[in-house]
Every structure is written in structure tokens, then in C-alpha cells.
Amino acid sequence: DILGFPLTHTNNGWLNLSYGDYVDAGSSTVFDARLYTIETWFKMENEQVDDYPSFYINGNWNMTFGINQNANPQTLESWINNSNNEDNDTGLTVGTWYHAVLVDNGTNRIFYLNGEEDGDSGTSVAMTTHTKVYLGGNPVQGNSYFIGALDEVKVYNRALEPEEVTKNYNHGKSKHS
């Protein structure tokens, strides 16, 4: 079910990203289906100031999952096909580890934050193109860099059930406290 590989780094096992840092994860066809899940642990180093700082980008805004830097306080955000954006409900705090999950079950895009549902888009939108995948920033656009730590980035080719999200959160929360 999990596509790709575990992302590890010598700094406590997570990836610390500075401005301009990103990981080129190759190409992905996971979004050929309407069912998918993107999951990560993250910690913002500071307030995000770049346009649409992102944990996960498929192509040039075909699918993003990251931070809404314009919200006050900042929130999670998802974009599909450079539109159809949705935000979660809970504001984020700098220096705090969060477990963030975006599930598209074919009917809704659902945000989870720290194992709990935290917003529902009421819509599911099919992607129009499938291209390169980047973690932590968008080198195609030249901005949208996430500044902070990412850990355990996972992409599933299915919609996780709520109890699976909770299980994954509980499994990782002692490492990210």
C-alpha cells in the first residue's frame, strides 16, 4: 500500500529543511486513482513566509499538501489542479511536532491532525496530470519551500480508514514529542 521509500536523515532520523531544500522523489502515478492518502510528521521552524510552503507536491501545483501561509494562525492546505484548495480547522504553532494526514476517499478530502479528523472538503477532485513528485518545496516554481522538519512521509494508493490514521499517530507520537 505504501509507495516509495522511507525518508531518513542523520539528524535524529528526520529531514531538516532550510530555504531552497527539497527532495526529488521521482515520478508518481498514485493519483491516477481517486483514492489516496498522504501522511507526514512535521515541525515548522518559524512562521512560513513563502507562497504555499509544501510537504508534498506532484508536478507544478497538480497536487499539493502543505501550509497556508496566509491564514492567521497558519493551517494545513491542499490544492488540486492549481485550484480547489481546502484548509483544515486547527491553527498551527511554530516548534510543535504535528502528525498531518490528507485522505481522499473518492468523495471527500479529509484532513487529520494528530490522529483526529480536522476538516472535510466535501469534494474529491481528480488530478488532470501526473508528473514529478517533490517533498519540501517546488523547484519548478522556485518558491513554496517548507522550512522545518519532515519525518515519515508516506503516500498510499488507497484511502486510510480513521482507525489506521489514529494507529499511525499513536505509533509515532513518542518520537515526536
Side-chain angles (χ1 to χ4, degrees), residues 7 11-12 14-23 31 36-105 107-125 127 133-155 159-160 162 165-166 168-170 172-173 175-177:
L7 183 61
N11 270 342
N12 301 315
W14 54 75
L15 185 65
N16 290 313
L17 298 168
S18 299
Y19 187 82
D21 291 345
Y22 67 93
V23 174
F31 295 105
Y36 62 85
T37 302
I38 302 170
E39 175 180 29
T40 190
W41 284 89
F42 76 94
K43 179 172 67 170
M44 298 187 305
E45 183 178 300
N46 52 33
E47 289 283 322
Q48 302 296 299
V49 296
D50 227 353
D51 289 335
Y52 315 109
S54 301
F55 314 133
Y56 180 94
I57 298 174
N58 185 303
N60 193 18
W61 306 118
N62 297 328
M63 189 321 166
T64 66
F65 181 38
I67 305 292
N68 180 346
Q69 86 288 359
N70 292 317
N72 187 12
Q74 294 183 337
T75 58
L76 295 174
E77 182 173 55
S78 168
W79 284 78
I80 296 182
N81 300 325
N82 205 20
S83 61
N84 301 299
N85 66 308
E86 300 292 340
D87 288 13
N88 74 314
D89 296 333
T90 303
L92 306 171
T93 303
V94 170
T96 300
W97 277 105
Y98 293 99
H99 180 249
V101 180
L102 177 67
V103 174
D104 192 320
N105 63 14
T107 304
N108 298 308
R109 275 181 288 158
I110 305 165
F111 289 99
Y112 291 86
L113 193 64
N114 295 339
E116 300 290 330
E117 186 172 330
D118 194 50
D120 183 330
S121 70
T123 60
S124 174
V125 181
M127 294 252 313
V133 172
Y134 302 102
L135 306 176
N138 186 348
V140 176
Q141 187 74 13
N143 59 5
S144 305
Y145 295 107
F146 172 75
I147 299 170
L150 288 179
D151 196 18
E152 299 181 23
V153 178
K154 300 174 188 170
V155 180
L160 289 184
V165 172
T166 301
N168 290 353
Y169 166 69
N170 288 331
K173 70 181 177 181
K175 177 182 176 184
H176 302 96
S177 55

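Note that the structure is a prediction, hence the values are computed from the model and not measured.
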message: Less than 4.5 Å apart, side chain to side chain, heavy atoms only: is that true for W41 and Y169?
response: yes
- line: Between F55 and the options L17, L135, T40, V153, the side chain to side chain contact (heavy atoms under 4.5 Å, CB included) test singles out T40
task: Verify, without hydrogens or angle tests, whether E77 (side chain) and G66 (backbone) share a donor-acceptor contact under 3.5 angstrom.
output: no
Main-chain N/O of K43 paired to E45 side chain as donor or acceptor, under 3.5 Å: no
Sidechain-backbone polar pair: N16 side chain, A149 backbone, donor-acceptor under 3.5 Å: no
query: Is a side-chain N or O of N108 found less than 3.5 angstrom from the main chain of I110, in a donor-acceptor match?
result: no
- prompt: At their closest point, which heavy atom of H176 faces which heavy atom of W97, and how far apart are they?
  reply: O-CB, 3.2 Å
message: If you define the side chain from C-beta out and look only at heavy atoms, does anything of L113 sit under 4.5 Å from L92?
response: yes
query: Which heavy-atom pair separates A100 from F65 by the least distance, and what is that distance?
result: CB-CZ, 3.9 Å
message: Is there a side-chain contact between M44 and F146 in this structure, where contact means two heavy atoms from C-beta onward sitting under 4.5 Å apart?
response: yes
field: side chain to side chain donor-acceptor pair (under 3.5 Å) partner of H99, the single match among E152, E39, K173
entry: E39
field: Nearest heavy-atom neighbours spanning G91 and P73
entry: CA-CG, 3.5 Å
- line: Closest non-hydrogen atoms of A159 and V103, given as atom of the first, atom of the second and distance, are CB-CG1, 3.6 Å
task: Any chance you could measure N68, atom CG, to T75, atom OG1, to the nearest 0.5 Å?
output: 4.5 Å
message: Any heavy-atom pair between the side chains of F42 and L76 that's under 4.5 Å?
response: yes
- prompt: What distance separates N70 CG from N72 CG, expressed to the nearest 0.5 Å?
  reply: 10.0 Å
- prompt: Is there side-chain contact between Y145 and S18, with heavy atoms separated by less than 4.5 Å?
  reply: no
query: Are Y112 and N88 close enough, and set up right, to give a side chain to side chain contact (heavy atoms under 4.5 Å, CB included), and what steps lead you there?
result: CA-CA 8 Å; Y112 291 86; N88 74 314; over 6 Å; no
- request: Report yes if the side chains of K175 and D151 come closer than 4.5 Å at any heavy-atom pair, otherwise no.
  value: yes
- request: Please examine the side chains of L160 and N168, heavy atoms only from C-beta on, and report whether any two atoms are closer than 4.5 Å.
  value: yes
- request: Begin with the C-alpha distance, continue with both residues' side-chain angles, and end with the deciding distance and a verdict on side chain to side chain contact (heavy atoms under 4.5 Å, CB included) for F111 and S78.
  value: CA-CA 9 Å; F111 289 99; S78 168; 3.9 Å; yes
- prompt: Are any side-chain N or O atoms of Q48 and backbone N or O atoms of I147, one a donor and one an acceptor, separated by less than 3.5 Å?
  reply: yes
field: Straight-line distance of L102 CG to D118 CG, nearest 0.5 Å
entry: 12.0 Å
